[in-house]
Amino acid sequence: MSTMRAVLIKDDEGPIENLYIGETEKPVPEEGQVLVKVVAFGLNGMDLLQREGKYPLPPGTSTILGVEFSGRVDYLGPGVTKWSTGDEVFGLSGGGAYAEYVAIHQDLLIRKPPHMSWEEAAGIPENFITAQQAMIYGELKRGDNVLVHAGASGVARGLGARSVTATASTKEKLDFLLSIPNGATEVANYKTEDFSKTVKNATSGKGADVVVDFVGRTHWEKNIESLAVDGRMVILAMLSGSVVPAVDLGPILRKHLKIQGSTLRSRSLEYQSNLINSASFQEVVSKITGRDGDGPVRIYIHKVFPWTEIQKAHKEMSASKNIGKIVCRIS
């Protein structure tokens with residue numbers, strides 16, 4: 001049995017201190033899969049939950065943390081036609097990215113542009129593909145007004161949104177959202193302001209045509225208030241909890257609202273492949289550059305850690321002080 005190094009969790013779950021780099025079985029690519037030698041991987045909130053045993057994994061998913069990575073194609077499994085050994089790629093995985101190697105279906109890989117660093121590429125898949133999913137579910141049309149509670153503002157503006165109101169918890173983060181190309185047009189501190197009033201002021205009282213929510217319970221009432229007639233809300237996570245104590249159904253009926261929920265990690269291979277390989281998402285990818293590039297959509301890296309400092313990386317994310325992606329580079 002061939003082995004590799006990976007970030008593992010002592011006792012399979014627990015605090016940050018349980019993370020360590022150890023030896024584990026190297027994956028063998030199945031039909032249609034390639035083996036990628038990982039150069040860098042991105043951190044996401046679900047990684048923290050999974051480490052604590054609070055994130056149920058989709059069936060058949062690797063128990064190793066990590067859903068996004070960049071690297072080089074190392075080996076081709078049976079039936080692979082899209083890639084060659086040595087190709088530089090980044091991609092989305094159901095798990096297993098915190099490792100030297102990850103086995104991934106050929107349809108979930110994207111070719112890394114030459115101008116993009118390994119760290120930048122590793123920070124793209126989860127956030128940008130999720131944002132793309134939100135825009136599709138939200139039926140975003142050119143000229144729509146959008147409210148987002150996470151970093152989808154660049155994708156929304158790139159797809160033609162007239163206005164984007166974004167929320168965050170600190171002035172530093174709000175200033176950042178206003179400063180980036182194709183970023184938010186309006187911002188609100190959700191801890192100290194009523195963001196529904198910000199939305200109404202930005203839209204001459206109409207409200208948001210699309211709301212993209214990752215927060216859940218604490219934002220529910222103001223999200224409903226923020227929505228315009230015939231508005232659409234997409235719920236993609238429940239960071240503040242899943243149970244809303246009391247719900248007034250009246251506004252949903254009166255304003256003809258459409259509310260839809262989804263996750264990305266648990267969706268089928270066909271669904272994820274169609275999303276990644278859609279013309280609209282490929283167009284978004286073609287426009288992404290790093291912080292210092294000139295693209296209309298940019299990937300911002302908060303900090304890069306060597307993977308030997310994975311505990312420090314998880315502490316940085318747990319503190320919620322990052323503006324941009326936290327990425328680890330494998331040495």
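Note that this is a predicted model, so its numbers are computed, not measured. Atoms considered below: every heavy atom in the structure, side chains included; atoms not considered: hydrogens, waters and symmetry mates.
The salt bridge (Lys or Arg N to Asp or Glu O under 4.0 Å) check on Glu225 picks up Lys200, with sequence neighbours excluded. Evaluation of the salt bridge (Lys or Arg N to Asp or Glu O under 4.0 Å) rule for Lys37 yields no partner, not counting sequence neighbours. Remark: Asp230 engages no residue in a salt bridge (Lys or Arg N to Asp or Glu O under 4.0 Å) (not counting sequence neighbours). Not counting sequence neighbours, the partners of Thr61 by the side-chain contact (heavy atoms from CB on, under 4.5 Å) test are Leu57, Pro58, Arg265. With sequence neighbours excluded, the residues satisfying side-chain contact (heavy atoms from CB on, under 4.5 Å) with Glu270 are Ser268, Asn274. Glu221 pairs by the side-chain contact (heavy atoms from CB on, under 4.5 Å) definition with nothing, not counting sequence neighbours.
Legend: salt bridge (Lys or Arg N to Asp or Glu O under 4.0 Å) pairs involving residues 294-303, not counting sequence neighbours: none detected. Pairs engaging residues 49-71 under the salt bridge (Lys or Arg N to Asp or Glu O under 4.0 Å) rule: Glu52-Lys54, Glu68-Lys325 [sequence neighbours left out]. The side chain to side chain donor-acceptor pair (under 3.5 Å) contacts involving residues 12-25 comprise Thr3-Glu23, where partners must be two or more places apart or lie in separate chains. Every pair passing salt bridge (Lys or Arg N to Asp or Glu O under 4.0 Å) that includes a residue from residues 208-218 is listed here, sequence neighbours excluded: Lys206-Asp209. For residues 118-130, the salt bridge (Lys or Arg N to Asp or Glu O under 4.0 Å) pairs, not counting sequence neighbours, are Glu119-Arg329.
Cluster note: Val28 groups with no other residue, as no ILVMFWY side-chain heavy atom lies under 4.5 Å from it.
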